[in-house]
Amino acid sequence: MSMKSWVKLLAAMGLGAIASQAQAQAQAQAQAQAAAQNPQPAPPSAESLAQAGAALKVGPDGLSGPGAEILAQAVAASRYVMVGESHHSREIPAFTAQVCRLMAPGGLTAMAVEMGPEAARAIDADMRAPDRDQRIADFARGHPDALIFFNSPDEARMAADCAAAAGPDFALWGLDQEFLGASGHLLEQMLAAGPGPVARAAIQALSEQEREATREALESGSPGDLLLFTVTDETLERTRAAVARDGGDRVGELFEALAETHAIYQASQKGQGDPNGRRARLMKRTLAGRLAENPGARVLMKFGGWHLYKSLNPLDQRDLGAFVAERADGEGVNALHVAVLGTRGSEAGYNGVGRPAAVRTFDALTEEGEDWRKEVALARPADMAAEDWFLVDLRRLRGPAAANYTPEWRRLALGYDIAILAPTLSATRFLGAREVAAP
């Protein structure tokens with residue numbers, strides 16, 4: 001007789017208390033069976049994280065420790081290596097320079113970065129110079145908000161170290177749209193490319209608007225005052241028509257970079273269309289073009305963490321990392337996806353046009369909400385040195401168990417191959433920033 005039948009029988013016999021007890025037992029048994037069949041989503045256990053983890057020492061002379069061996073083997077087996085980061089720290093660029101040194105013996109063609117192609121060319125021209133910081137500061141001061149990320153001395157040093165390790169043919173590839181204040185630099189490059197008289201007159205007229213917009217933006221600090229936000233579509237269409245008449249190919253390329261950047265920022269500001277998707281598609285096209293020009297290129301990519309998931313990212317988009325993963329599969333080569341974040345410390349952030357960085361402190365262990373860093377930090381072995389980084393080989397966390405992870409952990413375990421958590425990060429600074437007098 002089933003438990004349900006026993007409950008009915010006892011109730012019919014007037015043994016209500018016994019029936020209630022039996023019914024409670026039946027419900028508990030059913031709940032236990034359901035829980036066993038459909039366990040509640042949960043992060044990986046501390047034990048499984050510890051088993052997949054390894055200490056990683058990061059220093060100026062290189063990487064060492066058990067984690068270094070895991071990382072070195074994975075890098076050596078990969079044509080494309082991706083570092084998904086939290087931005088504006090001092091430590092992650094230093095770590096990335098060590099990844100360059102791991103890649104260099106097997107060939108390192110380029111580093112693809114989260115900035116526009118023209119901004120990357122400007123940094124590429126200066127990164128090997130002994131006075132690179134001064135050159136970048138001068139460029140940033142003359143072109144406020146034309147640079148993002150590489151207006152940091154730590155990023156500039158990383159680029160120089162990677163170039164030294166990889167050799168004279170190493171290059172920076174900018175894949176993104178240009179940054180907020182890039183229009184002045186783009187217009188200068190258009191004029192330097194020798195357009196005909198019709199295109200030149202239109203570009204000069206737009207340059208006058210750009211100078212006035214930049215002046216106002218520096219005064220207010222608001223990027224909304226910059227040309228990329230204030231120029232009208234009608235003005236851009238008139239300029240496009242003039243460029244098409246006698247601008248030439250290079251001027252046309254630069255103008256379309258300006259126009260696409262304007263379109264992405266306008267869509268984002270107005271909350272219309274799909275600006276993040278449009279941006280991702282631009283990065284994919286730009287990378288595809290670079291790879292077509294450099295067959296067999298071995299590339300290190302460094303972008304914000306959400307861009308480099310090999311699967312859908314937290315915005316439910318197929319971003320650059322998904323594109324590279326699929327391309328690698330089609331080429332029969334490996335792509336390695338490495339997430340690198342910090343447990344606590346300070347981080348820099350955007351603070352207005354041409355302004356010094358805003359700095360805030362953070363602690364992943366005390367901040368609200370789900371965050372995979374919490375579980376990883378708590379899984380660190382007690383005998384690890386405080387300054388050691390903690391590497392988790394996410395490939396060991398896949399398989400049937402991943403089906404029961406929380407959505408965040410499932411996305412991480414399937415979207416990245418390795419996760420690395422630094423114990424502390426510290427904020428970088430911005431070269432060429434203009435100090436603003438307190439009101």
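When reading the values below, keep in mind they use all heavy atoms of this one structure, side chains included, and skip hydrogens, waters and symmetry mates. Throughout, residue positions are numbered sequentially from 1 according to the sequence presented.
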Is there a donor-acceptor contact under 3.5 Å from the side chain of N151 to the main chain of L431? no
R373 side chain to G342 main-chain N or O, any donor-acceptor pair under 3.5 Å? yes
Quick check against the 3.5 Å criterion: does E347 have a side-chain atom that pairs as donor or acceptor with the backbone of H87? no
R245 side chain vs V198 backbone, donor-acceptor pair below 3.5 Å: no
Assess the residue pair L147 and I136 against the criterion (side-chain contact (heavy atoms from CB on, under 4.5 Å)); give the C-alpha distance rounded to whole Å, side-chain angles, the decisive distance to 0.1 Å, and a yes or no. CA-CA 9 Å; L147 296 177; I136 293 170; 3.9 Å; yes
I'd like to know if the side chain of S220 pairs up with that of E216 as donor and acceptor (distance under 3.5 Å, no hydrogens or angles considered). no
Hey, is CG on D131 packed in by over 12 heavy atoms from elsewhere, all under 6.0 Å? yes
Would you say the ring centers of F139 and H185 fall short of 6.0 Å from each other? yes
Does E85 form a side-chain contact (heavy atoms from CB on, under 4.5 Å) with F303? I'd like the steps, not just the answer. CA-CA 6 Å; E85 65 163 359; F303 286 74; over 6 Å; no
E155/K302 ion pair, N-O < 4.0 Å: yes
Atom CD of residue position E47 - does it have more than 12 heavy atoms of other residues, nucleotides or ligands inside 6.0 Å? no
Beyond-backbone contact of T214 with L227, side-chain heavy atoms, under 4.5 angstrom: no
Output the distance between atom CD (E118) and atom CG (L258), rounded to the nearest 0.5 Å. 11.0 Å
Exactly one of R240, R281, R278 should register a salt bridge (charged side-chain N to carboxylate O under 4.0 Å, His left out) with E260. Which one does? R278
G67 to L391 - nearest heavy-atom pair and separation: O-CD1, 3.5 Å
Does a side-chain heavy-atom distance below 4.5 Å link I92 with L425? yes
Compare every heavy atom of I264 with every heavy atom of R279, then report the nearest pair and how far apart it is. CA-CD1, 4.0 Å
Can R355 and Y350 be said to form a side-chain contact (heavy atoms from CB on, under 4.5 Å), step by step? CA-CA 8 Å; R355 307 289 171 87; Y350 184 75; over 6 Å; no
Minimal heavy-atom distance between G62 and Q98, with the atoms involved, is CA-OE1, 3.2 Å
Pair E208 + R215: basic N to acidic O under 4.0 Å: no
Taking C-beta and beyond as the side chain, do W173 and L291 meet within less than 4.5 Å on heavy atoms? yes
Which is it for R211 and E188 under the salt bridge (charged side-chain N to carboxylate O under 4.0 Å, His left out) test, yes or no, and what are the steps along the way? CA-CA 11 Å; R211 283 190 286 272; E188 288 174 4; over 6 Å; no
For E375 and A46, indicate whether the former's side chain and the latter's backbone hold a donor-acceptor pair under 3.5 Å. no
CA sep, side-chain torsions, deciding dist, call: H88, D154, side chain to side chain donor-acceptor pair (under 3.5 Å): CA-CA 9 Å; H88 295 309; D154 303 290; over 6 Å; no
Would you call E253-R250 a salt bridge at under 4.0 Å N-O? yes
Electrostatic pair D388:K57 at N-O distance under 4.0 angstrom: yes
Measure the CG-OG1 distance between D161 and T96 for me, rounded to the nearest 0.5 Å. 11.0 Å
A165 and R101: which non-hydrogen atoms are nearest, and at how many Å? CB-CG, 4.1 Å
Can you tell me if R135 has over 12 outside heavy atoms packed within less than 6.0 Å of its CZ? yes
Atom CZ of residue position R90 - does it have more than 12 heavy atoms of other residues, nucleotides or ligands inside 6.0 Å? no
For S426, is there any backbone N or O sitting under 3.5 Å from a side-chain donor or acceptor partner on E91? yes
Counting N and O atoms only, with roles assigned by atom type, does the side chain of T109 sit under 3.5 Å from a partner on the main chain of R298, one being a donor and the other an acceptor? yes
Is D363 reaching over with its side chain to a backbone N or O of L365, donor-acceptor style, under 3.5 angstrom? yes
Euclidean distance, Q204 CD relative to L187 CG, rounded to 0.5 Å: 10.5 Å
For the residue pair F95 and W389, categorise the inter-ring angle as parallel (less than 30°), tilted (30 to 60°) or perpendicular (more than 60°). parallel
Do the side chains of R327 and E331 get close enough for a salt bridge, i.e. N-O under 4.0 angstrom? yes
Would you check, one step at a time, whether the test salt bridge (charged side-chain N to carboxylate O under 4.0 Å, His left out) holds for R398 with D417? CA-CA 10 Å; R398 296 172 186 162; D417 301 304; 2.9 Å; yes
Closer than 4.0 angstrom, basic N to acidic O: yes or no for K310 and E326? no
May I ask you to test the P117-L175 pair for a side-chain heavy-atom distance under 4.5 Å? no
Does either side chain, that of H307 or that of D319, offer a donor lying less than 3.5 Å from an acceptor on the other one? yes
Could you tell me whether R238 and D233 make a salt bridge, using a distance below 4.0 angstrom between a side-chain N and a carboxylate O? no
From L341 atom CG to S86 atom OG, the distance as rounded to the nearest 0.5 Å: 4.5 Å
Can you find a heavy atom in the side chain of N404 that is under 4.5 Å from one in the side chain of P41? no
Nearest heavy-atom neighbours spanning G174 and T286: O-CG2, 3.7 Å
Working to the nearest 0.5 angstrom, can you tell me the gap between D126 CG and L172 CG? 11.0 Å
Within-4.5 Å side-chain heavy-atom neighbours: L49 and L397: yes
Donor on one side chain, acceptor on other, Q317 and W306, under 3.5 Å: no
Which pair of heavy atoms, one from F179 and one from L228, lies closest together, and at what distance? O-CD1, 3.5 Å
Can you run down the disulfide bond (SG atoms under 2.5 Å apart) pairs that involve residues 63-127, sequence neighbours left out, and say none if there aren't any? C100-C162
For E256, is the CD atom crowded, meaning more than 12 foreign heavy atoms sit under 6.0 Å from it? yes
Testing L287, N334, V333 one by one against Y80 for a side chain to side chain contact (heavy atoms under 4.5 Å, CB included), which residue passes? V333
Under 3.5 Å, side chain of T261 to main-chain N/O of E178, donor-acceptor pair present? yes
Test side-chain contact (heavy atoms from CB on, under 4.5 Å) on L218 and D225; report intermediate values, then the result. CA-CA 9 Å; L218 283 171; D225 289 332; over 6 Å; no
Are the side chains of F229 and Q269 in touch, meaning some heavy atoms are under 4.5 Å apart? yes
Is the shortest side-chain N to carboxylate O distance from D393 to R396 below 4.0 Å? no
For A413, is there any backbone N or O sitting under 3.5 Å from a side-chain donor or acceptor partner on Y405? no
Is there a side-chain contact between Y416 and R411, using heavy atoms and a 4.5 Å cut-off? no
